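Here is the structure we will look at.
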Amino acid sequence: MFNSLSGTITQKFPQKVFIDTHGIEWDVTVPDTALDALPPVGSEGKVYVWMQHTDSLMNLYGFATVSDRELFFDLLKVEGIGPKAAIKIMGNISASSLANILDSGDVEALQKVPGVGKKTAAKMLLQLKGKLSLNTDTPVSRSTEASPYADVITALVNMGYDRKEASSAVSAIAQRLSSDAQFASASQQNKEDAVFRHALVEMSK
């Protein structure tokens with residue numbers, strides 16, 4: 001599975017960025033807000049990605065930060081919101097503003113976001129109110145990307161676990177395992193595998 005692409009940003013268009021990785025140019029759909037967050041054309045950049053693969057299509061969606069990708073996954077949990085709709089919503093409102101609207105239950109403000117109608121707004125409030133892993137005082141990207149186990153948390157969220165619970169569990173497990181000499185000397189990949197296995201056991205109880 002792809003986690004990210006690193007290479008030269010070759011083109012930017014509305015909801016689209018091209019990135020060249022050693023001679024392979026990728027066509028990645030992104031929220032418009034990501035265009036400013038990513039480096040300028042001609043510069044080296046990194047895009048966190050998610051691939052949609054069905055029998056009839058294959059699309060690659062990209063994000064400037066891990067936290068933006070997690071917000072995208074949150075939006076996909078809402079009935080009626082597909083990848084393209086989620087990208088449109090994210091391109092028209094910041095993550096912190098969306099979290100504030102959801103937490104306040106302001107359905108009218110939510111309906112004003114391009115791509116969100118009355119029914120979708122109601123479903124978003126039901127599914128996401130109080131559940132976004134966004135601290136409106138501190139951007140998610142700081143806390144999420146600072147964690148060496150961000151990919152483990154993302155994997156658990158993709159399996160349907162609540163992000164806050166997953167983040168808390170992973171942090172506690174990593175701290176507990178750090179006292180084990182074998183774990184401490186293991187590679188980062190092996191550490192992530194161990195934390196992931198322990199998290200699955202604990203969170204499935």
Side-chain angles (χ1 to χ4, degrees), residues 1-9 17 19-24 26 28 30-31 33-34 37-39 43-53 60-77 86 90 94-96 98-99 103 127-128 130-205:
M1 174 178 289
F2 294 103
N3 178 58
S4 65
L5 294 174
S6 297
T8 304
I9 305 295
V17 65
I19 181 169
D20 185 288
T21 59
H22 304 291
I24 300 177
W26 302 84
V28 187
V30 300
T33 49
L38 292 170
S43 301
E44 294 295 309
K46 184 174 185 177
V47 182
Y48 295 92
V49 297
W50 174 74
M51 177 174 284
Q52 179 189 34
H53 190 190
L60 198 60
Y61 294 89
F63 309 91
T65 66
V66 170
S67 58
D68 283 345
R69 182 173 60 183
E70 292 181 347
L71 174 58
F72 173 79
F73 290 145
D74 278 336
L75 290 172
L76 293 185
K77 296 175 183 177
M90 293 178 65
S94 68
S96 59
L98 179 59
D103 289 345
Q127 180 70 42
L128 301 178
K131 297 180 181 178
L132 289 183
S133 62
L134 179 67
N135 182 330
T136 54
D137 295 322
T138 305
V140 176
S141 56
R142 295 182 187 176
S143 59
T144 303
E145 295 198 67
S147 170
Y149 300 102
D151 288 344
V152 175
I153 296 170
T154 298
L156 291 168
V157 171
N158 291 345
M159 295 176 67
Y161 292 105
D162 178 81
R163 184 179 293 101
K164 290 182 180 179
E165 293 179 3
S167 179
S168 178
V170 166
S171 178
I173 291 167
Q175 185 174 2
R176 186 171 69 244
L177 291 178
S178 64
S179 61
D180 181 272
Q182 185 175 356
F183 176 84
S185 63
S187 66
Q188 179 61 26
Q189 182 60 60
N190 287 339
K191 287 181 179 178
E192 291 180 5
D193 290 344
V195 170
F196 181 67
R197 289 195 301 271
H198 279 76
L200 282 180
V201 173
E202 293 192 10
M203 298 187 71
S204 63
K205 292 180 180 179

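Worth saying up front: this structure is predicted, and the values here are computed from it rather than measured.
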Salt bridge (Lys or Arg N to Asp or Glu O under 4.0 Å) involving Arg197 - partner list, sequence neighbours excluded: none
Minimal non-hydrogen separation, Gly62 against Pro31, with atom names: O-CD, 3.4 Å
Over all atoms of both residues, closest heavy-atom pair of Leu5 and Ile19: O-CD1, 3.7 Å
Where at least one partner belongs to residues 185-194, residue pairs that pass salt bridge (Lys or Arg N to Asp or Glu O under 4.0 Å), sequence neighbours excluded: none
Aromatic plane relationship, Phe72 with Phe63 - under 30° parallel, 30 to 60° tilted, over 60° perpendicular: tilted
CG on Asp20 to OG on Ser6, rounded to 0.5 Å: 12.5 Å
Spacing of Ser43 atom OG and Leu38 atom CG [to the nearest 0.5 Å]: 10.5 Å
Interatomic spacing from CG in Asn3 to CZ in Arg69 - rounded to 0.5 Å: 4.5 Å
Pairing residues for Lys46 by the salt bridge (Lys or Arg N to Asp or Glu O under 4.0 Å) criterion, not counting sequence neighbours: none
Distance, nearest 0.5 Å, that separates NE2 of His22 from OG1 of Thr8: 9.0 Å
Heavy-atom neighbours of Gln182 CD exceed 12 at 6.0 Å: no
Nearest-0.5 Å distance, CG of residue Leu76 to OH of residue Tyr61: 9.0 Å
Nearest non-hydrogen partners of Ser178 and Ala184, listed with the distance: O-CB, 4.1 Å
Leu98 and Leu75: CA distance, side-chain angles, deciding distance, side chain to side chain contact (heavy atoms under 4.5 Å, CB included) verdict: CA-CA 11 Å; Leu98 179 59; Leu75 290 172; 4.3 Å; yes
Under 3.5 Å: donor-acceptor pair, side chain of Ser171, backbone of Ser168: no
Phe183 side, atom CZ; His198 side, atom NE2 - distance, nearest 0.5 Å: 9.0 Å
Over all atoms of both residues, closest heavy-atom pair of Val66 and Tyr48: CG2-CE2, 3.5 Å
